[in-house]
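Just so you know, ligand 1 is whichever comes first in the structure, and atom 1 is the first atom listed for that ligand.
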Amino acid sequence: MPSYLEYCPNADGAAVRRLHEEKQSWINQAKKGFLRYRLPLQELQHLQASTLDLTGDVVRIGRRSDLSKTDHDRVLKLMRTFMPWRKGPFSVFDIDIDAEWQSQRKWDRLLPQIPNLQDKVVADIGCNNGYYMFRMAPFSPKLVLGFEPYVQHYYTFTALNSFAGLDNLFVDLLGIEHLPLFRRCFDVIFCLGILYHRPSPIDALRDLYRALKPGGCLLIESQAISGDQPMALFPEKTYAKVPGTWFVPTASCLHNWLARAGFKEIKCFCLHPMSSEEQRKTDWMVFESYQDFIDKQNPGLTIEGYPAPQRVFFKATI
Ligand SMILES: C[S@@+](CC[C@H](N)C(=O)[O-])C[C@H]1O[C@@H](n2cnc3c(N)ncnc32)[C@H](O)[C@@H]1O
């Protein structure tokens with residue numbers, strides 16, 4: 001039974017337990033793709049970091065001197081197995097992992113707006129490898145539950161937190177579509193970089209609304225297009241080469257979506273253009289990145305000829 005359920009008394013515990021067990025038995029099958037994460041991790045799970053520094057841009061877990069040369073080489077190999085690293089930066093036993101996204105910049109934009117997290121029950125929807133969850137940890141939340149349906153990211157977080165040993169951070173193989181199982185469970189929900197991947201953003205916002213406790217707070221960030229009109233772009237196939245992009249709203253459109261989903265005290269606190277400094281190829285993410293998604297002749301357009309992406313941030317309560 002997932003132990004995080006004890007902090008979510010209103011959750012549909014039976015359904016969450018069933019789902020959790022199904023997912024665990026699915027990843028425990030001897031599937032080749034999962035074994036390459038699971039087996040080396042099992043061999044290294046006894047390793048513990050002597051230090052944690054979660055207060056700077058880089059999430060620092062452990063020191064080089066914590067490990068023998070053999071174990072350090074094995075951790076390095078495991079970290080390379082988790083490539084491509086999309087979110088970071090991390091330093092794991094002094095192995096510097098420069099991820100595609102400089103996620104500390106998003107965190108810095110959020111930080112002044114984040115309510116007091118002490119003893120709060122928090123969800124991070126689409127948490128990836130848990131970079132932001134580690135950044136939340138110094139604020140002493142009771143629980144941060146990361147929803148992340150992708151096994152690669154799940155194992156990356158599991159490895160990082162097995163070294164870090166933080167017992168208030170959990171990731172389960174859940175998607176935003178499982179939020180209806182968590183009615184009135186969370187004091188704060190982070191939903192970053194998810195909404196434009198949802199075919200029905202209004203349903204997603206309503207599910208976020210219902211998963212918050214009375215007085216709860218949503219921090220949401222989305223890809224956006226520029227413009228004053230409340231409109232959304234609906235790309236033919238891909239947007240900035242990313243398939244599975246459905247609606248890309250203007251800031252005022254997202255404001256209206258939030259209002260019509262029932263949110264109150266809706267505040268847009270940041271809108272900024274994307275850049276190839278913030279999202280770029282590194283030694284830990286060797287595939288195409290932002291500069292390949294944008295029209296080289298006209299950086300105001302994506303490769304498909306759509307308006308280039310911005311990022312918009314809202315805070316809202318229920
Ligand atoms: C664009 S990334 C955003 C990651 C992170 N929240 C951030 O803002 O940097 C989208 C994340 O959502 C995850 N994801 C994919 N499908 C999802 C779903 N149905 N529900 C929740 N997360 C999902 C992806 O695996 C990925 O980690």
Worksheet item: If we ignore angles and hydrogens, is there a donor and acceptor under 3.5 Å between the side chains of Q102 and E278?
Response: no
Fill in: Under 4.0 Å from ligand 1 - residues by heavy atom, chain and number
K87, K106, G126, N128, Y132, E148, P149, Y150, H153, G175, I176, E177, L192, G193, I194, Y196, R198
Worksheet item: Taking D66 for the side chain and S50 for the main chain, is one N or O donor matched with an acceptor at less than 3.5 Å?
Response: yes
Fill in: R105/D108 ion pair, N-O < 4.0 Å
no
Fill in: CH2 (W107) with more than 12 external heavy atoms under 6.0 Å
yes
Fill in: Side chain E304, main chain K241, donor-acceptor under 3.5 Å
yes
Worksheet item: Are E221 and R311 close enough for a salt bridge, meaning some N to O gap below 4.0 Å?
Response: yes
